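Right, one structure below, let's go through it.
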Amino acid sequence: MDVRVRFAPSPTGFLHIGGVRTALFNWLFARHEGGKFILRIEDTDKQRSERRFEDDILKNLEWLGITWDEPPARQSERLEIYEKNLKNLLDSHKAYYCFCTPEELEDEYQAQMSQGLVPKYSGKCRSLSEEERAVKQLKNPGVIRFRMRDHVVSFSDMIRGKVEFNTALFGDIIIAKSLREPLYNFASVIDDADMKISHVIRGEEHLSNTPKQIMLQEALDLPTPKYAHLPLILGADKKKLSKRVLTNSLNDYRAQGFLPSAIINFLMLLGWHPSDDKEVFTVPEMIAAFSIKRVQKAGAIYNPEKLDWFNAMHIRQLSDVELAQYLKPFIPEEWASDKNRLLRAIAVTKERMKSLTDFQKEAGFVFAVAEYPATMLVWKSATVPQTITRLEYVHALLTKDDGVVFPSEHTATALMEYANKEGRGDVLWPLRVALSGREASPGPAELLRILGKDESVRRIADAVQKLKHTL
RNA sequence: GGCCCUAUCGUCUAGUGGUAGGACAAUGCCCUCUCACGGCAUAAACAGGGGUUCAAUUCCCCUUGGGGCUACCA
């Protein structure tokens, strides 16, 4: 059997982290099995669907590298096929028109509940004659209901095993508002069959829709795909994440400097685990390792700190040149155009970054020294505050350096000898502050190397001036 | 309320009918002029009750907790 899976979002909001996880598991499954991954836009709800959301979903999936194998299908462009199947169902009396108003239904449900009964459609319009139907339809277009056969539906979920539902509890569900306005359970069944979807991998919130869809498949004589219902991603409050705010939109993650591979790695391990303890995966490794059998059953609480960690790990796995590309949207243009300096800045900053947005503040000193007080140059544990003369000594030492590599091995040795003699903190601290303008920074040796001779000497001279003016 | 799903450290999880392992976060120590990295270490879990069994975290049942669904949304 050809493996064909789909991600079927409804464009009623920006792509969010829960949707990405569903897409990802489908995609990993397809890639692992050598099958096809298909995108289907479920935009049957005309009120809530918006083109900008569809664009957002496609754009972000692309950014994540979750690629689709066929042009995306849009349900709003497939109305003929739904209409045809709806007519078929109507003609064979497996579906019928219902003219009960929402108000009537509401009253009915209230009455049932007050008697302690399960609210369920009474079946009032189930056996209207053709004439009655025609008369009623004059003033009320009605909706189309599916005649639900009382039956215990049993199916085997790839993740949960055998699941059973009694359809008698559902009543006759509405499958379309009109011949050209299908509703989710119906449109989804038609499309999965028409697109020859072999495995339906979706969120657990659809578990209770599955028996309804299976009954529809039976009525339409369509095959039943294999089902896998993924555990939900929950927020810190343990509620379904997608119900929560839009701070979980992918656009936000992107703007906050997360790498696509880090997001994917993090999401893959939320509800899935390899047979060993490996955690940091490249995308090809994920595809190779993925198996639906090892998907978790219980919902997983989303843990932003671990995402930060994955992001830091993935940033480190990038080459300096690759990282420079990712950094582009997060840095001033002057930085990006000064390629050599940028690459050197990346080299010392890479392992200090948890997010791409960290670069600007971590590496800013490479491009310009921020204003700092002269007192910062004095080491807090300085035995004797001779900061000026020590910096002057270092300045003189470096000025003499004419090695091709700065500082030359000879100078570097001399510098460390001096530091060991005078006290490391007494020499290295002021030197480091003079070079970076900051209390926390990479070490002085690294700074000298990335700044180069001219800039280093200039910065130290500036520091000496600063001290002289202040004291 | 009804139906369904589910239950191992704070979080993500491994695991087995017979010492409960890893990761994130936390804490401490080491490295060290600072920050970060790194290294080492500490603390931290089988929801409860019944069975089955020589033995249950593991298998079964119940309870409890959590979640989802219960739309003319998907």
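Excluded from the calculations below are hydrogen atoms, water molecules and symmetry mates; all remaining heavy atoms, backbone and side chain alike, are included. Worth saying up front: this structure is predicted, and the values here are computed from it rather than measured.
In this entry the distance linking NZ of K212(A) with C1' of C3(B) reads 10 Å, nearest Å. Note: CG (L169(A)) to P (G2(B)) measures 11 Å, nearest angstrom. Between the C1' atom of C5(B) and the CD atom of Q296(A) lies a distance of 14 Å, rounded to the nearest Å. Residue L377(A) contributes atom CG, which lies 18 Å from atom P of C33(B) at whole-angstrom precision. Residue I17(A) contributes atom CD1, which lies 15 Å from atom C1' of C12(B) at whole-angstrom precision. U34(B) atom P lies 12 Å from atom CD of E439(A), rounded to whole Å. M268(A) places its CE atom 13 Å from the C1' atom of A23(B), with the value rounded to the nearest Å. Atom CG in D358(A) sits roughly 12 Å away from atom P in A36(B) (whole-Å rounding).
When the P atom is used for both A74(B) and C69(B), the distance is 14 Å, rounded to whole Å. For C62(B) and A20(B), the P atoms lie 29 Å apart once the distance is rounded to whole Å. When the C1' atom is used for both C73(B) and U11(B), the distance is 32 Å, rounded to whole Å. Spacing of P atoms, C40(B) relative to A56(B), comes out at 37 Å, to the nearest Å. Taking the C1' atom of each, G51(B) and G15(B) are spaced 24 Å apart, rounded to whole Å. Rounded to the nearest Å, the gap between the C1' atom of A43(B) and that of C60(B) is 36 Å. A gap of 14 Å separates the P atoms of A47(B) and A14(B), to the nearest Å. Here, U8(B) and U58(B) have their P atoms 12 Å apart, quoted to the whole Å.
Residue contacts shown for N209(A) include a base, since a base heavy atom lies under 4.0 Å away. Residue contacts shown for G423(A) are absent, as no nucleic acid heavy atom lies under 4.0 Å away. Nucleic acid contact class of R316(A) (heavy atoms, under 4.0 Å, all strands): sugar-phosphate only. Residue E164(A) is in sugar-phosphate contact alone, with no base atom involved, counting any heavy-atom pair closer than 4.0 Å across all strands shown. Nucleic acid contact for R202(A): none, since no nucleic acid atom lies under 4.0 Å from a heavy atom of the residue. P9(A) comes within 4.0 angstrom of nothing in the nucleic acid, heavy atoms only. Counting non-hydrogen atoms under 4.0 angstrom, E305(A) reaches the backbone sugars and phosphates but no base. Residue contacts for H206(A): at a heavy-atom cut-off of 4.0 Å it reaches a base atom on one of the strands shown.
Side-chain atoms of T210(A) and H229(A) form a donor-acceptor pair, as typed in the model, at a separation below 3.5 Å. Judged by distance alone, the side chains of S122(A) and E108(A) do bring a donor and an acceptor atom under 3.5 Å apart.
Side-chain atoms of D276(A) stay outside donor-acceptor range of the base of A14(B), with no qualifying N/O pair under 3.5 Å. In terms of polar N and O atoms assigned as donor or acceptor, the side chain of K306(A) comes within less than 3.5 Å of the base of A23(B) in a complementary pairing. Below the 3.5 angstrom threshold, one finds a donor paired with an acceptor across the side chain of R432(A) and the base of C33(B).
The aromatic rings of Y253(A) and F258(A) lie tilted to each other, with the angle between the two planes from 30° to 60°. Between F7(A) and F37(A), the two ring planes are parallel [angle under 30°; tilted spans 30° to 60°].
Of the residues in residues 39-53 of chain A, those with a non-hydrogen atom less than 4.0 angstrom from any atom of RNA chain B are E42(A), T44(A), D45(A), R48(A).
Of the possible polar contacts, one joining the N26(A) side chain to the I201(A) backbone as a donor-acceptor pair under 3.5 Å is found. Side-chain atoms of N166(A) never come within 3.5 Å of backbone atoms of V152(A) as a donor-acceptor pair (strictly under, hydrogens ignored).
Put simply, K177(A) has a side-chain N or O that comes within less than 4.0 Å of OP1 or OP2 on C73(B). Using a 4.0 Å cut-off, some side-chain N or O of W309(A) falls inside it from OP1 or OP2 of C24(B). Residue R294(A) has a polar side-chain atom (N or O) positioned under 4.0 Å from OP1 or OP2 of G15(B).
Side-chain atoms of L431(A) and L447(A), non-hydrogen and from C-beta on, never get closer than 4.5 Å to each other. Under the 4.5 Å side-chain criterion, counting only non-hydrogen atoms from C-beta, V153(A) is in contact with M215(A).
Residue E351(A) has its side chain nearest to C37(B) when only C4(B), U6(B), C37(B) are considered. Minimum atom distance to the side chain of E279(A) is reached by G22(B), of the listed G22(B), C5(B), C33(B). Side-chain proximity of R424(A) to C12(B), G2(B), C33(B): nearest is C33(B). For W379(A), the listed nucleotide lying nearest its side chain is C33(B); candidates were U6(B), C33(B), U13(B).
The cationic group of K212(A) lies under 6.0 Å from the six-membered ring centre of F170(A) and within 45° of the ring axis, placing it in a cation-pi geometry.
Partner assigned to C33(B) is none, using Watson-Crick or G-U wobble distances below 3.5 angstrom. When both pairing distances are held under 3.5 Å, C40(B) makes a Watson-Crick or G-U pair with G28(B). A 3.5 Å limit on both hydrogen-bonding distances identifies no Watson-Crick or G-U partner for U53(B). In this entry G65(B) has U6(B) as its Watson-Crick or G-U wobble partner, both defining distances falling under 3.5 Å. A 3.5 Å limit on both hydrogen-bonding distances identifies U70(B) as the Watson-Crick or G-U partner of G1(B).
The salt bridge (Lys or Arg N to Asp or Glu O under 4.0 Å) with E54(A) is formed by just one residue from the set R74(A), K59(A), R40(A), R48(A); it is R74(A).
The salt bridge (charged side-chain N to carboxylate O under 4.0 Å, His left out) analysis of residues 145-155 of chain A, with sequence neighbours excluded, yields the pairs R149(A)-E218(A).
Heavy-atom distances to RNA chain B give each of S10(A) and M113(A) a nearest nucleotide, and the one nearer the 5′ end belongs to M113(A). Between N185(A) and N166(A), it is N166(A) whose nearest contact on RNA chain B lies nearer the 5' terminus.
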